[in-house]
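Since the structure comes first, as structure tokens, the remarks are kept for the end.
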Amino acid sequence: MGIDRVFVARLVGLTVFGPDGERIGKVRDLVATLRVDTHPPRVLGVVVDLATRRRIFVPMLRVTAIDPGAVTLATGSVSLRGFAQRPNEALLVGQMLDARVRLVEGGEEAVVVDAAIEPTRSRDWVVARLAVRVRRHRLGRREPVQVLPWRAVTGLSLTDRQGTEGLLAVFESMRPADVAAALSELPEKRQHEVVDGLDDERLADVFEELSESDQRALLAHLSPERAADVLEAMSPDDAADLLHELPDAESDALLALMQPEESEPVRRLMSYSPHTAGGLMTPEPIILRPDATVAEALARIRNPDIPPALASMVFVCRPPTETPTGRYLGCAHAQRLLRAAPFELVAGVVDAELARLSPDATLGEVTRYFAAYNLVAGPVVDAEDHLIGAVTVDDVLDHLLPPDWRDRLTEPDPVEADR
């Protein structure tokens, strides 16, 4: 685009042209997504006033040039659907300008006069700097405008501008990993309010993505009864990992509060060392009888609630098909299933030669197994040939990465590290 920094107040009213030079409308505002942390918010796009007085949204990736007198769009169709603002979004001109903020250094109150957007290496635009004027209430004198980095002021983050209900509405549309990262940035009081407002299933999904320290802190906030309910809703392997971090008396008390059918697989996982295949595995992979059809297998892996790694293969066993199963026969890879006729039996496409993992296999052995066979999931089979679970590559990475790797998800882009 050529320009490294643009002050948004100067964009209002500029003509928006299509790629062939046709006039589309005028810039009304810009939309940015608010964050809970101190990182600069990303600019999502431009609100354009059409000649028909309809306001539409144009994504920032469609903008190819911002010049002093015009904004030019890339080739392609433009959605004429009316613009509707979402709870986690802010209009840079309509809502951010004239907003009251505080300077991080000194704590003085100030007013936002303008906002500067800048491009990153990833072709995103962020609100990198703010032009602010300190409010000192001195008669006959206006303080000079200061252009400061986004992190130099407070009062414009999602938590500053949204109450708990607003945050819950925003979190509803976010991935659990992103909610966990955002939750860890909130003050303790707001964390507790959000946790209290989430239902058990959603909270369980978020807990699975939290760091161990955040898990322990938030679990301590919950009543024992609700903590047990959340543990029941978590994947057994994640629940076992969390309980491993608690004192024995506390974990035993929570296990006692869980329903027996929910606590039994968790207890079984906890009997293994956390850094073995038995401790890493999930006891709930996709298991089918040999007389199941390929169509049945494909229907199971299409289930959106099954993580992608687990959906990469199904395991074929003699009854019973709950872990520990009957005799393990082999696995059927998702790609192989897609090439087979739907009416074929999974017994006909099973891979009986793939090496199996012992429940006592070390983390190093499991890692080498995935590297050797180019897999994202692998069967864990005991000495009696019973399938007792499956290890997925995400569980391996979780144990190989530093303990604070989840906290690093919110680290700034290297381009903006000096801001």
Side-chain angles (χ1 to χ4, degrees), residues 1-35 39-86 88-101 110-133 144-153 155-158 161 413 415-416 419:
M1 295 186 188
I3 299 177
D4 293 330
R5 181 180 300 170
V6 180
F7 283 91
V8 297
R10 300 176 186 178
L11 294 178
V12 177
L14 290 186
T15 302
V16 179
F17 291 101
D20 297 325
E22 71 277 20
R23 178 171 173 168
I24 293 175
K26 291 187 176 182
V27 174
R28 174 74 182 192
D29 213 324
L30 285 88
V31 184
T33 179
L34 294 174
R35 301 177 59 113
H39 303 322
R42 185 166 63 92
V43 181
L44 302 177
V46 182
V47 180
V48 178
D49 274 338
L50 302 180
T52 58
R53 296 187 179 179
R54 175 187 288 269
R55 290 178 186 169
I56 64 170
F57 174 78
V58 178
M60 209 62 188
L61 285 175
R62 292 291 316 282
V63 178
T64 58
I66 299 177
D67 299 315
V71 173
T72 305
L73 305 183
T75 302
S77 59
V78 175
S79 173
L80 297 180
R81 182 182 302 172
F83 168 67
Q85 186 178 351
R86 296 173 180 173
N88 64 326
E89 296 173 349
L91 297 173
L92 295 188
V93 177
Q95 294 177 309
M96 197 167 290
L97 301 196
D98 294 329
R100 295 187 179 184
V101 296
V111 174
V112 177
V113 177
D114 208 340
I117 63 174
E118 298 177 10
T120 67
R121 291 177 185 170
S122 60
R123 294 184 62 203
D124 284 330
W125 285 74
V126 297
V127 185
R129 297 177 183 274
L130 296 171
V132 301
R133 177 178 282 118
V145 172
Q146 305 177 53
V147 179
L148 303 174
W150 174 269
R151 292 185 182 85
V153 305
L156 293 175
S157 70
L158 187 61
R161 301 174 67 88
D413 188 291
V415 176
E416 301 165 33
R419 291 188 181 130

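Note that the structure is predicted; figures quoted are calculated from it, not measured.
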To the closest 0.5 Å, what do you measure between [atom1] ([X]) and [atom2] ([Y])?
| X | Y | atom1 | atom2 | value |
| --- | --- | --- | --- | --- |
| D124 | L44 | CG | CG | 9.0 Å |
| R129 | R151 | CZ | CZ | 10.5 Å |
| R5 | W125 | CZ | CH2 | 11.0 Å |

- Message: Between V145 and V132, does the side chain to side chain contact (heavy atoms under 4.5 Å, CB included) criterion hold? Intermediate values first, please.
- Response: CA-CA 5 Å; V145 172; V132 301; over 6 Å; no
Grab the two heavy atoms, one from [X] and one from [Y], that are nearest each other, plus how far apart they are.
| X | Y | answer |
| --- | --- | --- |
| A131 | F7 | CB-CE2, 4.4 Å |
| L130 | M96 | CD2-SD, 4.3 Å |
| R54 | G82 | NH1-N, 3.4 Å |
| G94 | D29 | N-OD2, 2.9 Å |
| A115 | V127 | CB-CG1, 4.0 Å |
| T64 | A74 | CG2-CB, 3.3 Å |

Beyond-backbone contact of [X] with [Y], side-chain heavy atoms, under 4.5 angstrom:
| X | Y | value |
| --- | --- | --- |
| L92 | L97 | no |
| V31 | F57 | yes |
| V43 | V8 | no |
| V71 | T15 | no |
| V126 | T120 | yes |
| F83 | V48 | no |

- Are R123 and M60 close enough, and set up right, to give a side chain to side chain contact (heavy atoms under 4.5 Å, CB included), and what steps lead you there? CA-CA 9 Å; R123 294 184 62 203; M60 209 62 188; over 6 Å; no
- Note on the structure: Applied to residues 71-85, the salt bridge (charged side-chain N to carboxylate O under 4.0 Å, His left out) test, sequence neighbours excluded, yields none
- Just by distance, do the side chain of T33 and the backbone of R42 share a donor-acceptor pair under 3.5 Å? no
- Query: Side chain of R133, backbone of A110: donor and acceptor closer than 3.5 Å?
  - Reply: no
- In sequence, state the C-alpha distance, the side-chain angles, and the governing distance for R28 and D49, and then conclude on salt bridge (Lys or Arg N to Asp or Glu O under 4.0 Å). CA-CA 6 Å; R28 174 74 182 192; D49 274 338; 3.7 Å; yes
- Across all chains, not counting sequence neighbours, the side-chain hydrogen bond (donor to acceptor under 3.5 Å, both in side chains) partners of E89 are none
- Task: Applying side chain to side chain contact (heavy atoms under 4.5 Å, CB included), name anything that partners A70, two or more places apart in sequence or on another chain.
- Result: F17
- Kindly determine whether I56 and V58 satisfy side chain to side chain contact (heavy atoms under 4.5 Å, CB included), including the steps that lead there. CA-CA 7 Å; I56 64 170; V58 178; 4.3 Å; yes
- Message: Please evaluate residues V16 and V27 with respect to the criterion side chain to side chain contact (heavy atoms under 4.5 Å, CB included), reporting the C-alpha separation (whole Å), side-chain torsions for both, the decisive distance (0.1 Å), and the verdict.
- Response: CA-CA 7 Å; V16 179; V27 174; 3.6 Å; yes
